[in-house]
Trainee: 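Supplied in C-alpha cells, the structure appears directly below.
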Amino acid sequence: MAFELPTLNYDYNALEPYIDAQTMEIHYSKHHAGYTNNLNNAIKDTELENKSIEDLLGNISNYSVAVRNNGGGFYNHKMFWESMSPNGGGEPKGELLNAINGSFGSFAVFKELFNKAAATRFGSGWAWLVNQGGKIVISSTPNQDNPLMDLAEVKGTPILGLDVWEHAYYLKYQNKRPEYIEAFWNVINWDKVNGRLI
Ligand code: MN3
C-alpha cells in the first residue's frame, strides 16, 4: 500500500508572519510530496511495501539510502505540519511542562537548549524533542534522519521536530536561521506535542 501525502490542516498563509505562504506551499506541495513519491518508488514491488513507516524507520540500517532519506522526509514533515498551528505558541502545560521542568529545570532553559541544537546542526537536518520512556531529551539529526531510526545517535520517540533545512526558511529569512528558529515558537501546537507524550 502506497504512502499518501498527509493533508495540511491549515492554509499556506495560516502561519504568517512567522512562516510565509510561499515557503509553506513549496515545502508541502513540492518537498513533502517529493519525499512521499520517492519513498513509494523506492519500496514499490519489494517486501517493504506493506510495512508501516515506523517499522521501516526502526530498521532503516537494513535498507537503501533512498528509503532512509525519503522515509525520513515523509515522516518528519507529517509530524512537523501537525506540530504547528495558527493558534499555537505560548508555553506547554500539563504532563509536558512537568517533563520539561524535570529534564531541563525550566521552559526557558529548554527553549535555549532546543534553539542551540537547531542553530548548530551543520548543514541540513532537524532538531528534536525526544521521549525516552517518560524522560525527554533534545537532539538533532542530519538530513532526513530522525530518532526512530536504529542508527540515530539519540534514539526515542520524537514529540517535536524543527526542520532546519534551508528550504524551510530561506525565502523569508535567508541566512538568518536563528530568526526562523525564534519565529517557530510562535506557532508550536503544544496540545499536539503534549498528546504525543501521554
Ligand atoms: Mn523540509
Side-chain angles (χ1 to χ4, degrees), residues 2-43 53-54 56-57 60 64-86 88 114-130 138-149 151-154 157-189 192-193 196:
F3 291 102
E4 284 182 25
L5 180 65
T7 308
L8 191 62
N9 289 321
Y10 39 80
D11 293 334
Y12 292 138
N13 65 3
L15 304 180
E16 293 215 8
Y18 306 109
I19 299 180
D20 63 286
Q22 190 184 14
T23 295
M24 278 300 304
E25 179 169 5
I26 296 170
H27 203 173
Y28 173 76
S29 71
K30 306 294 185 199
H31 292 275
H32 197 189
Y35 296 124
T36 306
N37 288 336
N38 291 339
L39 172 61
N40 287 328
N41 289 336
I43 61 174
I53 189 64
E54 289 81 4
L56 288 175
L57 298 176
I60 204 72
S64 68
V65 172
V67 175
R68 177 175 172 178
N69 289 341
N70 295 293
F74 170 78
Y75 179 95
N76 295 347
H77 289 85
K78 179 178 192 295
M79 184 181 173
F80 186 46
W81 312 136
E82 291 172 354
S83 300
M84 297 187 288
S85 163
F114 187 90
N115 283 353
K116 189 176 173 200
T120 58
R121 165 49 57 187
F122 183 77
S124 298
W126 291 74
W128 302 104
L129 182 60
V130 183
I138 289 167
S139 75
S140 78
T141 54
N143 304 316
Q144 295 296 351
D145 286 359
N146 70 41
L148 290 176
M149 292 184 174
L151 40 67
E153 267 178 55
V154 176
T157 305
I159 61 171
L160 177 67
L162 175 58
D163 188 342
V164 295
W165 282 57
E166 284 188 347
H167 70 225
Y169 63 86
Y170 210 85
L171 288 177
K172 182 175 172 70
Y173 296 97
Q174 294 84 46
N175 60 318
K176 298 177 288 253
R177 189 194 286 184
E179 289 185 16
Y180 158 72
I181 295 168
E182 191 57 42
F184 176 60
W185 296 91
N186 294 290
V187 293
I188 298 175
N189 184 345
K192 188 76 190 180
V193 181
R196 292 187 182 119

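Indexing begins at 1, ligand by ligand and atom by atom, following the structure's order.
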Trainee: What protein N/O/S atoms are there under 2.8 Å from the Mn ion (ligand 1), waters excluded?
Mentor: His27 NE2, His77 NE2, Asp163 OD2, His167 NE2
Trainee: Please, which pairs that meet salt bridge (charged side-chain N to carboxylate O under 4.0 Å, His left out) have at least one residue in residues 65-77, sequence neighbours excluded?
Mentor: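 Residue pairs with at least one partner in residues 65-77: Arg68-Asp145.
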Trainee: For Asn69, give me all partners under side chain to side chain donor-acceptor pair (under 3.5 Å), at least two apart in sequence or on another chain.
Mentor: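 In terms of side chain to side chain donor-acceptor pair (under 3.5 Å), with neighbours along the sequence ignored, Asn69 is linked to no residue.
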Trainee: Could you tell me whether the side chain of Trp126 and the main chain of Gln144 form a donor-acceptor pair under 3.5 Å?
Mentor: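 Side chain of Trp126 to backbone of Gln144: no pair is present.
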Trainee: Can you give each donor-acceptor pair under 3.5 Å made by side-chain atoms of residues 6-15, sequence neighbours left out, with the distance rounded to 0.1 Å?
Mentor:
from  : atom 1 : to    : atom 2 : distance (Å)
Tyr10 : OH     : Trp81 : O      : 2.8

Trainee: Please determine which of His27, His31, His32 meets the side chain to side chain donor-acceptor pair (under 3.5 Å) test together with His77.
Mentor: His27
Trainee: Can you measure from CD1 (Ile53) to CD1 (Ile43) and round to the nearest 0.5 angstrom?
Mentor: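 So the gap between those two atoms works out to 7.5 Å.
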